[in-house]
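Let me begin by presenting the structure, written as structure tokens, before commenting on it.
Throughout, numbering of the chain's residues begins at 1 and tracks the sequence. Just follow the structure's listing: the first ligand is 1, and inside any ligand the first atom is 1.
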Amino acid sequence: MKVPVDRREALSSAADAVAIGLFERGEKEEALPRLLAKEDAATGGLVGAAWKRREIKGKRKELTVFHRPDGKGRLVLIGLGPRARFDPETIRRAIAEVVKGLKGKGARTLAIRFPTFAVESVPADTAARAVVDGAVLGAYEFVRYKSTTEGGIEEASICLGEELSRDEGLVKKAVAEQLTVTETVVWTRDIANLPADTATPERLADEARALGKEFGLKVTVFDEHQLAEMGCGGLLAVGGGSSHPPRMVILEYPGGARRGRTIAVVGKGITFDSGGISIKPAPAMANMKFDKSGACAVLGILRAAAALKVPPRVIGVLCCAENLPSGTSYRPGDLVRTFNGKTIEVLNTDAEGRVVLSDGLGYVVKQYRPDEIIDLATLTGAETVALGDDTAGLVSTDDRLAGGLLAAAAATGEPLWRMPLTDYHRELVKSEIGDVRNSIEIPLAGMLTAAAFLETFVGGTPWAHLDIAGPAYTTITTRKYQPAYQNFGAVGFGVRLVTKYLEGAAPRS
Ligand code: BES
Ligand code: ZN
Ligand code: ZN
């Protein structure tokens, strides 16, 4: 997607469609807003007539398309809802609604009448970033396995018009930066959407190697033999049932600032989670190809960090394995010794994410002594039960880190909700015969017992855990409630959020 910044008025552009934002109209608001006078003229009075009939209300998601009698394409009015509740997320969804609404209708170019989106409460550069998110992510489709596609908007111009031409420099910079981030989200989605026969642990390692080459990052891949020598019993146990052996992948971005922190970002990369011997029921099992979304997000975060040259040094860790039942699978009752020497009593082979993460966390702590660790994992069904499928669960041992992530979440529209971690949860995951158990086998605080388990492997490092089981992908059943900028499939959740956090990460004090 190209997003040029244009000084001209949107209405005078030659685009196939012009997008105009419109706030919700008041009950007694009769006269056509002055804002729409030009549109009314361009449509030979059609806009005014629709307004009079109260067909146009400006409610969120309301999309009204007019064809210009002069044959110069269409005008698309998109409702923005109440003016008092206007924010960047409204812009993201509105622009996505327009782009999706025009899909398959032959429109390739869109001119956005930017002054109808960059108003009062939302400054022009913030609004421009939101437009980029909405356009790029709204247009996204996973087309790799389609023999034909409908095609859609390929270029969305931000038309400043006279009102905003003075902001040209600011807007151009914001657009360039945000395009880097959103294109990385698209790249991440394309990997996360790959089915498990293709996206094997080795394939994820290949993606990391290619990324390293492109951006000059150091990439290390540990195969199953090296993992055995290192004592990574967690990855080996979980990957033991698959003919695609496990991998641990490390990516190092050296950092843009002199006294930058070292931040480790660790991702769960289960390329398919059948549950293993504790096998899952058949319905929706296909969604478990998305169980690698945390690792894919880590790839995306490293890509965006390197492209934007964020201040901190960033170490990415991917814990990749396929969880399948077979004669060589690990079993309930097994005891697994992990990288840092701690042992796990396996009670349920379907609680495998925490088992692979134990090695990744233990390794990064010992090898890099990071100032902070952030992990991303589609870890528990309980996360979805507690928070639904648009919000990720946040568990953290560090208020500053948690606060920074919550601020980044608010800015990017990738919602997070912090949940408590107490001694109660820590007590529940203790094992009688090992150090920790991977399941407590009773439905109590599933997201938090999983977090308590992970905490035992971070060795006191300030740490934040993002359980992205819900928001990592959208499903058929929830699709109608999802933000319009998310397609069916992988969302790339966490890339915009954690990148934002890294951009603002303070130097070492
Ligand atoms: N990958 C799943 C969690 C999951 C569920 C992600 C639904 C996305 C949607 C994870 O490995 C798992 O199966 N967790 C178990 C843990 C339990 C056995 C302690 C769960 O949540 O049921
Ligand atoms: Zn599982
Ligand atoms: Zn899983």
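- No option in Thr378, Thr380, Thr384 other than Thr380 meets the side chain to side chain donor-acceptor pair (under 3.5 Å) test with Asp467.
- At least one heavy atom of Tyr473 sits closer than 4.0 Å to an atom of ligand 1.
- Applying side chain to side chain contact (heavy atoms under 4.5 Å, CB included) to Cys320 and the options Leu204, Val238, Leu235 leaves one that passes, Leu204.
- No other N/O/S atom of Glu352 lies as close to the Zn ion (ligand 3) as OE2 does.
- The closest side-chain donor-acceptor pair between Glu441 and Ser439 falls under 3.5 angstrom.
- Here the shortest heavy-atom pairing between Gly234 and Asp359 reads N-OD2, 2.9 Å.
- At a 4.0 Å cut-off, not a single heavy atom of Thr384 sits close enough to ligand 1 to count as contact.
- Ionic pairing of Asp223 and Arg247 is not present here: no N-O contact between side-chain nitrogen and carboxylate oxygen is shorter than 4.0 angstrom.
- Checked by atom type, the side-chain pair Asp190/Tyr140 shows a donor-acceptor distance below 3.5 Å.
- For Phe493 and Tyr473, the ring centers are positioned 6.0 Å apart or more.
- For a threshold of 3.5 Å applied to N or O pairs, the pair formed by Met288 and ligand 1 contains no separation below that value.
- Judged by distance alone, the side chains of Tyr368 and Glu252 do bring a donor and an acceptor atom under 3.5 Å apart.
- Residue Glu352 has at least one heavy-atom neighbour below 4.0 Å for each of these atoms of ligand 1: 11 (O).
- The residue from Gly294, Gly275, Ala351 that puts a heavy atom closest to atom 17 (C) of ligand 1 is Ala351.
- The ligand atoms of ligand 1 that sit less than 4.0 angstrom from a heavy atom of Thr378 are 1 (N), 2 (C), 3 (C), 6 (C).
- For the pair Arg354 and ligand 1, a heavy-atom separation below 4.0 Å is found.
- Atom 12 (C) of ligand 1 has as its closest protein heavy atom Asp350 O, 3.2 Å.
- Here the Zn ion (ligand 2) is the vertex; the O atom in Asp350 and the OD2 atom in Asp273 give an angle of 170° (to 10°).
- In terms of N/O distances under 3.5 Å, ligand 1 is not approached by Thr380.
- Taking every heavy atom of both residues into account, Glu383 and Gly470 meet most closely at OE1-N, 2.8 Å.
- Residue-level proximity to ligand 1 for Asn348 is carried by the side chain, the only part with a heavy atom below 4.0 angstrom.
- The Zn ion (ligand 3) has no N, O or S atom of Ala351 under 2.8 Å away, backbone or side chain.
- Distances between N or O atoms of Ser439 and those of ligand 1 include no value under 3.5 Å.
- For atom 20 (C) of ligand 1, the choice among Gly381, Ala469, Pro471 with the nearest heavy atom turns out to be Gly381.
- Contacts between Lys280 and ligand 1 below 4.0 angstrom, taking non-hydrogen atoms only, involve the side chain exclusively.
- Arg189 and Val491 get closest at one heavy-atom pair: NE-O, 2.8 Å.
- When the N, O or S atoms of Asp291 are ranked by distance to the Zn ion (ligand 3), OD2 comes first.
- In terms of polar-atom proximity, Asn438 is not counted as a contact of ligand 1, lacking any N or O under 3.5 Å from an N or O of the ligand.
- Among all non-hydrogen protein atoms, the one lying nearest atom 10 (C) of ligand 1 is Leu379 O, 3.2 Å.
- The 12-atom threshold is exceeded at CZ of Arg426, counting heavy atoms of other residues, nucleotides or ligands nearer than 6.0 Å.
- Between Asn340 and Thr338, the side chains place a donor N or O and an acceptor N or O closer than 3.5 Å (distance only, hydrogens not considered).
- Heavy atoms of Lys268 found under 4.0 angstrom from ligand 1 belong exclusively to the side chain.
- For atom 2 (C) of ligand 1, the closest non-hydrogen atom of the protein is Asp273 OD2, 3.5 Å.
- In this model, no donor atom of one side chain and acceptor atom of the other lie less than 3.5 Å apart for Asp133 and Thr182.
- Heavy-atom contacts of Asp291 reach the following atoms of ligand 1: 1 (N) (cutoff under 4.0 Å).
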